[in-house]
Amino acid sequence: MAQLPILQFEEKIAETVEKSAVDVVIGETGSGKSTQLSQILHRRGYTKSGCIAVTQPRRVAAVSLSRRVAQELNVKLGEEVGYAIRFEDRTSEKTLIKYLTDGVLLRESLSNPELSQYSVIILDEAHERSLNTDILLGLMKRLIKLRASNLKVLITSATLDGEKVSRFFSNCPVLNVPGKLFPVEIQHASEKPKSYLEAALKIAIDIHVREPEGDVLIFMTGQDDIEKFVSKMEERIQNLEEGSCMDAIILPLHGSLPPELQVRVFTPPPPNCRRFIVATNIAETSLTVDGVVYVIDTGFVKQRQYNPSTGMYSLDVVQISKVQATQRAGRAGRTRPGKCYRLYPSVVYKDDFLDATVPEIQRSSLAGSVLYLKSLDLPDIDILRFDFLDAPSSEALEDALKQLYLIDAIDEDGTITSLGRTMAELPLEPSLSRTLLQANEHGCLSEALTVAAMLSAETTLLLGQSKSNEKKRNEKKRKHTPSNLPDGSGWGDHVQLLQIYELWHQTDYDIDWCKENNLQVRGMMFVKDVRKQLSQIMEKIAKGPTDVKTSRKRKEDQDYRALRRALCTGYANQLAERMIHHNGFRTLGFKSQLVQVHPSSALKSDEDGMLPNYVVYHELIATTRPYMRNVCAVEMQWVRPILAKLDKINIAKLSGGISQSHEKVQKENINLPKDDANVADPVDDRESKILAARERFLARRGGKA
DNA sequence: GAGCACTGC
């Protein structure tokens, strides 16, 4: 342990922390900050008055770091040193050093806003700027004022962002701890390549032919590019003259790869063999591959962004930031001096790249975060002026307020309601929390719990695919031989998810059943865990009796009315209306968008080929077109009060009084689109339009009404 | 009639 650079700074760190309530620690990879800071402060007596918390953005990190520290201190994990992640709390009354995800710390602060059990809080990896870390940063700024005498806060960050964090905390001290990285020689391209794929291939082959042994890590944007690269690379390696260079293994690495294929990168290569690991940014932070000496950086990343005016997400390929470029290059210098080949000119890096990645808080829907902050009852009620390191746009905050108002979490003045308080207790998006509470009133809590849990794991549900060809074949097959899974009885995807889980429940959670039906076992187990957690919380917080048991009997002929009605209340902020003459929908409540039901949806059309008049959707996502993903049919009479409420929205009031002109702009955004002559009562207007259209249709056909 | 970066309570 003695060789860790940070230990040479122990005295300095202790002195600085003693003097200042907040410190920024800049520690490069390999500095040992994540395992040593907590131990240093423990040695210096900070655990006498409380526990030391170290937050991590990822669960695996919290677990593995606590393991290491327990080992180094020679204690049993879960006693003096422990960890807490969702579903798993391995701490005890003896615990002095606790590693936890930032999400867990936020939950803890809900029941104990002063976090009084902690004498030290270390926000580790703050430069990653996860949504939760950013909220914690704001909360820490308040907390050190409240607990000035007995709380120390340390924030670890990257070189490029340290000064900014320090300024945020009234110019608090910045400690620099060198890392243990080997030098990495950086080579920039002389100009932007026409094709990144080709440029990366060329460099990869060059390295393989010319450079001494050492693995190559190539950063690409997504699965598609990775698969293309792998097949072309294999082709070119085969074309090389036999015996002219060492063997090669080419490994793809991305999130949708099944875990057993992901771990292949941890097996060292056989002798005289070079590995090419073709990865997304999963290899930037989440997975560390040993043996990498060469990095090829395309300079791009795929990023999800939210547009608050339309309520729509999109997944865009964007330029990486300087912090990310440094992080990627650093992956080449972990075991010995390395090289990083950047496929962009240095002037692009210097002039075009942002210093740091746009923080998640500026790219997400904030309904959940705003509800969380409101439920903390901070003295400065005005959420629009909450002290963020990087504030989200007022548009994004107002969008969040509007959404919360529509689902009754806040009242028209923006004050949190008792319903909203209860919703904040649930680890779910506000829409789903609202659905659960409403479902409890309609006697369908058990179904709603299942739906909410299934949606929480939705992306991990489908069985992973190993090869794209195989995938395509399977898909064709699926088209002709319909799956044995239920179809949602035509009501849509929420009902289908419910029916799938109920079937699995009937098999007593049989693992083989999942495999037979192309469902990821881990995903389904996760759903089971989430459902259990949600049930426990509901039993604790719900008023009146609750019924959380999963239904055993399949009710073939039911119309899921109660559940769909609860969903309609919960998703009042995610509502869409079908166009009169075709199956396109327009969103209500946002700047109106023409959107389609996602082709994978289970929603069925009627005998005339028409989809339901109204649906609620779980997510709007723009891919090749704007799509609604996971939709549920709802009834017109349930929609009516929502439309009335939409029309009443006063953003200025919701956000605690902004200027009138501001209000006007907002109103235009939320009003129904222009082709609705009668904005005051669009439903009635719509009904008459439908009747008129039907009459015209019958007249054309020569039929009778 | 399509396609998915990565986390987390």
Side-chain angles (χ1 to χ4, degrees), chain A residues 55-62 84-89 100-111 125 128-136 219-227 253-257 262 279-287 298 300-305 313-318 320 324 357 359-361 363-364 368-369 371-372 375 423-430 432-433 452-453 456-462 464-465 468 471-472 475-476 478-479 526 529-530 533-534 536-537 583 596-601 603 605 619 621-629:
Chain A
T55 71
Q56 293 294 322
R58 279 171 296 281
R59 308 173 50 158
V60 276
I85 59 179
R86 188 178 191 179
F87 307 132
E88 211 182 342
D89 185 350
L100 69 176
T101 50
D102 40 24
V104 169
L105 189 63
L106 280 176
R107 286 281 139 199
E108 287 185 357
S109 120
L110 208 53
S111 51
E125 314 291 357
E128 288 187 27
R129 304 296 305 277
S130 77
L131 185 57
N132 288 338
T133 307
D134 266 23
I135 291 176
L136 281 173
F219 284 103
M220 311 285 290
T221 55
Q223 186 178 349
D224 252 24
D225 283 358
I226 289 173
E227 280 168 4
L253 180 62
H254 52 82
S256 36
L257 215 57
Q262 281 187 18
T280 59
N281 50 339
I282 193 171
E284 222 173 82
T285 49
S286 304
L287 290 177
T298 53
F300 288 99
V301 68
K302 232 178 239 178
Q303 229 174 43
R304 200 173 134 98
Q305 354 234 14
Y313 278 96
S314 59
L315 204 59
D316 308 321
V317 173
V318 300
I320 59 171
Q324 270 178 300
T357 313
E360 205 185 340
I361 201 165
R363 295 187 279 117
S364 322
S369 304
L371 179 62
Y372 172 84
S375 76
M423 285 163 61
E425 303 261 330
L426 288 155
L428 288 171
E429 296 150 60
L432 287 174
S433 304
S456 302
E458 201 248 340
T459 48
T460 54
L461 233 51
L462 285 176
Q465 326 79 6
S468 59
K471 193 170 90 185
K472 272 174 198 146
E475 223 137 336
K476 267 192 188 148
R478 209 179 303 152
K479 223 181 208 171
F526 178 75
D529 281 343
V530 174
Q533 187 191 28
L534 296 176
Q536 286 166 348
I537 299 175
N583 275 335
Q596 309 286 325
V597 174
H598 196 274
S600 67
S601 175
L603 188 71
S605 46
E619 183 181 57
I621 176 118
T623 51
T624 49
R625 294 153 136 197
Y627 285 114
M628 296 182 282
R629 280 187 54 210

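Lettering follows sequence order; numbering is per chain, from 1.
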### Query
Do any N or O atoms from the side chain of A:S456 and from the backbone of A:A452 form a donor-acceptor pair under 3.5 angstrom?
yes

Contacts of A:R58 meeting side-chain hydrogen bond (donor to acceptor under 3.5 Å, both in side chains) (sequence neighbours excluded), chain-then-number -> A:E128

Taking B:dT7, B:dA2, B:dA5 as options, the one with an atom nearest any side-chain atom of A:I282 is B:dT7

Would you kindly say whether A:Y627 and A:S600 are connected by a side-chain donor-acceptor distance under 3.5 Å? no

With the side chain defined as heavy atoms from C-beta on, A:Q223 is closest, among B:dC9, B:dC4, B:dT7, to B:dC4

To the nearest angstrom, the CG-P distance between A:L105 and B:dT7 comes to 21 Å

Next item on the list: Using a 4.0 Å heavy-atom cut-off across all strands, classify A:R86 as base, sugar-phosphate, or nothing.
Entry: base

* Reckon A:L106 touches a base, only the sugar-phosphate, or nothing at all at heavy-atom distances under 4.0 Å? -> nothing

Side-chain contact check for A:P599: nearest option of B:dC9, B:dA2, B:dC4 is B:dA2

Of B:dA5, B:dA2, B:dC9, the nucleotide closest to the side chain of A:R107 is B:dC9

At under 4.0 Å between heavy atoms, what does A:V301 touch on the DNA or RNA strands: base, sugar-phosphate, or nothing?
nothing

Separation of B:dC6 atom C1' from A:Q324 atom CD, nearest Å, is 11 Å

* **Side chain to side chain, A:N281 and A:S286, heavy atoms closer than 4.5 Å** => no

Practice problem: Indicate whether OP1 or OP2 belonging to B:dT7 is found under 4.0 Å from a side-chain N or O atom of A:T101. | Solution: no

Atom CZ of A:F300 and atom P of B:dA5 are separated, to the nearest Å, by 16 Å

>> Considering every strand and a 4.0 Å limit on heavy-atom distances, what is the contact class for A:S286: base, sugar-phosphate, or nothing?
In response: sugar-phosphate

query: Does A:T285 place a side-chain N or O at less than 4.0 Å from the phosphate oxygens OP1/OP2 of B:dT7?
result: no

- So does A:T623 get a side-chain nitrogen or oxygen closer than 4.0 Å to the phosphate oxygens (OP1/OP2) of B:dG3? yes

**Asked** Is the shortest side-chain N/O distance from A:R625 to OP1 or OP2 of B:dA2 below 4.0 Å?
**Response** yes

In short, A:D102 meets A:P57 closest at the heavy-atom pair OD2-CA, 3.8 Å

Phosphate contact (B:dC4 OP1 or OP2) by A:R304 side-chain N/O below 4.0 Å: no

